[in-house]
A.B. asks: 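Before I ask anything, let me first share the structure, which is written out below as structure tokens.
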4 protein chains.
Amino acid sequence: MKAAILYGKKDVRIEDVPKPSPAYGEALVKVKVCGICRSDYHYWKHGRIGDFVVEKPLILGHEASGVVEDVGEGVSHLKPGDRVVIEPGVPCGRCRYCRIGRYNLCPYVRFMGTPPINGAFVEYVTWPADFLYKMPENMTFEEGALIEPLSVSVHAVRRAEVTPGSSVVIFGAGAIGMVTLEAVKAAGASSILVVDVDEWKLDVALRRGADAVINAQREDPVSVVKRLTGGEGVDYVFEASGAEKASYQAVRVAKRGGVVTLIGLYASDEFQYPVLEAVIKEVDIRGVHRYANAFQPAIELVAKRKVKVYDLVTQKLPLEKLEEGFRIMDVGKEKYVKIQVDVTS
Amino acid sequence: MKAAILYGKKDVRIEDVPKPSPAYGEALVKVKVCGICRSDYHYWKHGRIGDFVVEKPLILGHEASGVVEDVGEGVSHLKPGDRVVIEPGVPCGRCRYCRIGRYNLCPYVRFMGTPPINGAFVEYVTWPADFLYKMPENMTFEEGALIEPLSVSVHAVRRAEVTPGSSVVIFGAGAIGMVTLEAVKAAGASSILVVDVDEWKLDVALRRGADAVINAQREDPVSVVKRLTGGEGVDYVFEASGAEKASYQAVRVAKRGGVVTLIGLYASDEFQYPVLEAVIKEVDIRGVHRYANAFQPAIELVAKRKVKVYDLVTQKLPLEKLEEGFRIMDVGKEKYVKIQVDVTS
Amino acid sequence: MKAAILYGKKDVRIEDVPKPSPAYGEALVKVKVCGICRSDYHYWKHGRIGDFVVEKPLILGHEASGVVEDVGEGVSHLKPGDRVVIEPGVPCGRCRYCRIGRYNLCPYVRFMGTPPINGAFVEYVTWPADFLYKMPENMTFEEGALIEPLSVSVHAVRRAEVTPGSSVVIFGAGAIGMVTLEAVKAAGASSILVVDVDEWKLDVALRRGADAVINAQREDPVSVVKRLTGGEGVDYVFEASGAEKASYQAVRVAKRGGVVTLIGLYASDEFQYPVLEAVIKEVDIRGVHRYANAFQPAIELVAKRKVKVYDLVTQKLPLEKLEEGFRIMDVGKEKYVKIQVDVTS
Amino acid sequence: MKAAILYGKKDVRIEDVPKPSPAYGEALVKVKVCGICRSDYHYWKHGRIGDFVVEKPLILGHEASGVVEDVGEGVSHLKPGDRVVIEPGVPCGRCRYCRIGRYNLCPYVRFMGTPPINGAFVEYVTWPADFLYKMPENMTFEEGALIEPLSVSVHAVRRAEVTPGSSVVIFGAGAIGMVTLEAVKAAGASSILVVDVDEWKLDVALRRGADAVINAQREDPVSVVKRLTGGEGVDYVFEASGAEKASYQAVRVAKRGGVVTLIGLYASDEFQYPVLEAVIKEVDIRGVHRYANAFQPAIELVAKRKVKVYDLVTQKLPLEKLEEGFRIMDVGKEKYVKIQVDVTS
């Protein structure tokens, strides 16, 4: 079968590899669609993310949907022909974090497309059946491949405990910012401001239901939010840009007693932070690391049309052109929200 | 000014009464629209609700919107001409319940249209300005008068801590059931079943977005919900019918670890309840008594079109015909969801 | 090895059975001490608890401590000689309840000493090593065998979200009532009332730190609590008696906005309940089914002397005399809180 | 009556001022004991704290107990002779923060001993009776004057949602660190590490029940905590030192999914912070600004001997020697935890 293998920085090769067989508890999935995550791009460009180094050839990709082709022993809830979404992080199921239900914090998690676990830019993958979710009939493979990023936002919205009728600021209008916009709309936020530096992305946000947008290159988001909220700030802030400055401003635009939820991964381990303001305003700061128990609700939200994600896909490429996707993200000229790879469909 | 005064059981008279003046901290509001609540009907029919007895002539009505005509001293956030919604319960602001933010539990609350406090079926009322909320420009007085019942549901949804992508059963498809349907949709519920005994109301629920409806006179709601959920039950149950049997079934249709929120007021102080099942399934049972801090989010939800309430009004009557509204509710032949009184508009 | 085998109602025989070997992931534990739970007694007396019927010979016992004698493959955190506490419920680790951390609700749980799983009134048991907890050096086997009931209370106190400085009523002064008293003291409750019908048990409660006790046969607990709290009721109520009347009164003695936590297992599936009062007061009712993630904190509390449980043991019997323990519980003349079986020590 | 009046930096004068009379809703309190808070010292030394500037003569002091001498109209729950604790922050009772029960965030709060509101280093004060709490008979005025700092910790422990059997690190072994130690013990923490740079204070912490102490000048707290917890970190961290470095380390010593509660007021508005680690570990960061609804539980905890505070008083001075107290804090040679002023007793 065909695979897109990363051999090193900016070196992806399409090669033939042996088709795997499902072990006990696993299913063999024919991958249909797999989205490109910013982390895939990062591995491609830098050959590493923090301590995770691409030391030997690796197949990337963890935003995938497909069709079950075979199941191993001990698998009862799936059968060949089932259309499925893949949850890419498989926790140990036994440690203290797994036992309390926060399995995204499991130190033994095996994460698809992250060294040394191969990912889904390949025709077939085997994966633990417990982490495959049946797709409702009305869901496309493109939508299925968007469940992973949407799950990040579903998890974030639950971490933030958003209540209906509240006000929100989202920093970042990329893919995660956009699914967060969908998730906070689904959670009943009644006023949503989106901040970014890219006018094109802000236009997308406006079209998708943001009440207003702020171009952080032209205006100071803190002043604008304060002005728009009579000096109060907002109930909930989501930082989905990964920009340290945005993380800083997130605290500043939060109302007293507000909640700041940080989804972004920052380039520096540490940076200047308005801790004193957070203390005095009793703003809660909550991190988001992937997701736990979020795939099923995310699937429901898409299937029941409570959120709309299919139109986030701006480019679709065949597996052979995966690297073109990375280059689009690298050059930054061609606009995109989510680039997906059409692996076998 | 004209008032509709309840003199005793089924005895409402339209009379002239002196127009009041706003005291310190109060505003004088010209009432535009006031909805009829089931409790108004109950006072009209029985002359009492529990310990609250209509001992002297009383003006009913507490679901009101209007226009500020005058303000007393010490009022700065309102001025004549402001269109406002009235929050009918004014707590003491000082007791332990007020101090922890659960002011709906304040034992000293003064509640509009409940003996001995006069209500809003009258041309003018004075009311503490802190409990008047400015209506956004795009909100009608009819919508304004629906904020009170919607606030019950907003409070209920927050008590239940509904999260996006979850499954819900609502018992009762009357006015409270319908605003609860709106509120759980706003909170992101992705699967909503509505139970009632009135086919016409169930049709309304279906048209308003219920995924399925169950006629409890024809089918057993517990069996149907179990069947539809693969034996699991649902995440959240809202009991908005006031029927004891529904309250009982609410526990039975909840998933293990589910949450049952009781909004209904039951005729008996006590009745048979499946307590053991609630214990074994660790189902949380949470009561809802009116609302606290719910008017502003409810207004936002309507203003931003996150919920739709205007079309819940099935009948509109002039003040003189208030009693006709009560009779519609009494006879039960003419279908209705919410009957509103057009006081001065 | 010797085992106490229940053949049917009131028919326990001490017999020789083959000593088991630990399978993959399991440890072989030499049982030192195992307490008698009210459910053991119930199986002995009635041959069943609800749907769980003793259809073939069964070894009871699930409150056990012991010493690891051997470990199967795949076990790394334990070695022969380790002193351990046994968590008797082993969940599937894969279902939706396990994944959200509420593994006590797992429908596939295997529970020690419950048909058809044999228990710990036997010299040796094999058990999944993940559900064995190392005992700190300063903890005795008697204390170790009390961790199971204490875990119920630790779970209950967390379900109730008890905060320091609050007021509590506990219904029931048996073993679970007493560990609940310990747990609420540990959680900082500053006023604790205990209700029971047995004067001797109430004396025990007083000596163990209850601020006051109420004999429900002589006084009405509702009136007394109301009188002692100026009519307000208390913040938290724990029902640990299993009496339906107590469950009813639990709601009545709760403050507005209070929390009622039900631990007891009631004889009837349903009974009269003051639902309306719970709604109007917004009292939360929360069931407790065993425990999840409670053994480690329970062990810490005992090891650090934050709670005192060793003196709850009122009788100690050798394995051969297990049935004498059941008879003490049956006749009810001899006073007891917790009867333990000294299996091999 | 005698008052200690701050005229400017390091300029306190004992002068005669007119004795006030209680207005409507107020009581006149004869001040017995008033503790010196670090903020009092800060005003004395610098003449300001942030935007709060001592522009005209000011009486400091807000940790006070006393005896009611007279009550104004409208006061029913107090009478002359009642021994009371003073809650120094009086919120507006009407804004959105007051209404949701987080009245410590009220922008209109009037705070005793903070410009321009005079404090309690004076023989008599008038204060809203709703913010005076009756002292139980077994509580001394010294203890009463410690309720204010203890309330900060009670609030912090509730913000953190500490559960019994958990592990804690406290940064800072000054007065707030010590009452936090008491509060977390009361909340059932079973393992408590205290970090400071002062060996004498660490000894006090050890004697008061810390399981271990860490001198941050000799050892790296992060390494030590990691070593003591097998690399995991702890469940809850409280930062009560006000040192920016400690605030930073607080995140580092927290377990995945842990909670960091910041009580300290930092000298800089912003500083380097390990935000990325907080995100990846999903550590919640929660600020603490004074307290809300904490005085009554704090009083209960002291009265019922669940916490011990009386022995935190290391120096006691007459009103005339208030400035000597400031000098002790300034010079730093004489050891102290809490210095109290014996105003009239």
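Chain A is the first sequence line, chain B the second, and so forth, proteins listed ahead of strands; every chain is numbered from 1.
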A.B. asks: Where does B/Asp211 contact chain A at under 4.5 Å (heavy atoms): side chain, backbone, both or neither?
C.D. replies: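 Side chain only.
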A.B. asks: Which atoms of B/Ser167 are under 4.5 Å from chain A, going by heavy atoms: the side chain, the backbone, both sets, or neither?
C.D. replies: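 The answer is neither part of B/Ser167.
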A.B. asks: Going by side-chain hydrogen bond (donor to acceptor under 3.5 Å, both in side chains), B/Tyr291 matches just one of B/Arg158, B/Glu148, B/Arg159. Which one?
C.D. replies: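 One option only clears the test, and that one is B/Glu148.
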A.B. asks: Please determine, by modelled atom types, if A/Ser241 and A/Glu239 share a side-chain donor-acceptor pair under 3.5 angstrom.
C.D. replies: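 There is such a pair between these side chains.
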A.B. asks: Quick one: sort the A/Tyr133 and A/Phe295 rings into parallel, tilted or perpendicular, breaks at 30° and 60°.
C.D. replies: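 Parallel: the ring planes of A/Tyr133 and A/Phe295 meet at under 30°.
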A.B. asks: At what distance, to the nearest 0.5 angstrom, does CD of A/Glu142 lie from OH of A/Tyr310?
C.D. replies: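 Between atom CD of A/Glu142 and atom OH of A/Tyr310 there are 12.0 Å.
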A.B. asks: Surrounding CZ of B/Arg208 (heavy atoms of other residues, nucleotides or ligands, distance under 6.0 Å), is the total greater than 12?
C.D. replies: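 Above 12, so yes.
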A.B. asks: Check each atom of A/Ala189 against the heavy atoms of chain B and say whether the ones under 4.5 Å are side chain, backbone, both or neither.
C.D. replies: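 Backbone only.
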A.B. asks: Can you tell me which of A/Gly188, A/Ser191, A/Ser190, A/Pro297 forms the most heavy-atom pairs within a distance under 4.5 Å of chain B?
C.D. replies: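 Winner by heavy-atom pair count: A/Ser190.
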A.B. asks: Check each atom of A/Ser166 against the heavy atoms of chain B and say whether the ones under 4.5 Å are side chain, backbone, both or neither.
C.D. replies: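 A/Ser166 has no heavy atom closer than 4.5 Å to chain B.
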